[in-house]
Every structure is written in C-alpha cells, then in structure tokens.
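Just so it is clear, the model here is predicted, and its values are computed rather than measured.
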Amino acid sequence: MWVQALIGRTGTVLKATIHKAEGAAESFQRSALDAALQCTYKPALAKGKPVPVWVTYKVNFVLSDKSAAPKSPDASK
C-alpha cells in the first residue's frame with residue numbers, strides 16, 4: 001500500500017493518509033498510518049527556509065512464522 005504524509009516545517013508528520021490501499025486489510029492500513037505519524041524527517045528547504053511538503057512512499061508488510069524465529073538462550077530452561 002502507499003502512504004501519503006504531510007511533513008511540517010519542523011520535520012514532524014502533520015497528517016497521513018492511505019494513498020493506494022491495493023487491497024490491504026483495514027488493520028494493516030491503520031498500522032501503516034500509526035507508524036507514519038511516529039516518523040520524523042529532515043525538513044524540506046525552499047530558498048534556505050523549512051517548508052511543508054507531501055511525501056508518498058510504499059509500505060510492505062511481511063508476515064513471518066513465529067515458530068521459525070530463533071529461540072532465546074533461556075528457552076531451554
């Protein structure tokens with residue numbers, strides 16, 4: 001899916017929306033938006049001054065099998 005975010009003059013995300021859901025479940029969309037709102041960026045500059053800017057980026061979710069995850073050293077106790 002694609003997220004569109006408005007980056008403010010200080011580099012914080014002011015607003016985030018799903019640009020293209022591409023069939024993603026609503027829970028994945030909400031997670032992508034939550035993550036976007038926690039990001040901080042270097043502000044964009046125009047004539048040397050910070051300006052707000054919209055960015056669009058792709059978010060991919062990868063599901064993994066937790067049973068295949070490495071075991072902690074304490075798992076054998």
Identify each donor-acceptor pair in which a side-chain atom of residues 7-21 lies under 3.5 Å from a protein atom, sequence neighbours left out, and give them as a table.
{"from": "Thr10", "atom 1": "OG1", "to": "Thr12", "atom 2": "OG1", "distance (Å)": "3.3"}

In a table with atom names and distances, give each donor-acceptor pair under 3.5 Å that connects a side chain of residues 24-45 to protein atoms at least two apart or in another chain.
{"from": "Gln29", "atom 1": "NE2", "to": "Ala24", "atom 2": "O", "distance (Å)": "2.9"}
{"from": "Arg30", "atom 1": "NH1", "to": "Asp34", "atom 2": "OD1", "distance (Å)": "2.8"}
{"from": "Ser31", "atom 1": "OG", "to": "Ser27", "atom 2": "O", "distance (Å)": "3.1"}

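Criterion: ILVMFWY side-chain heavy atoms under 4.5 Å apart, direct or through other members. Under it, Val59 and Leu63 are part of a common hydrophobic cluster. By the criterion of side-chain heavy atoms lying less than 4.5 angstrom apart, applied directly or through intervening Ile, Leu, Val, Met, Phe, Trp or Tyr residues, Leu6 is not grouped with Trp2; the two fall into different hydrophobic clusters.
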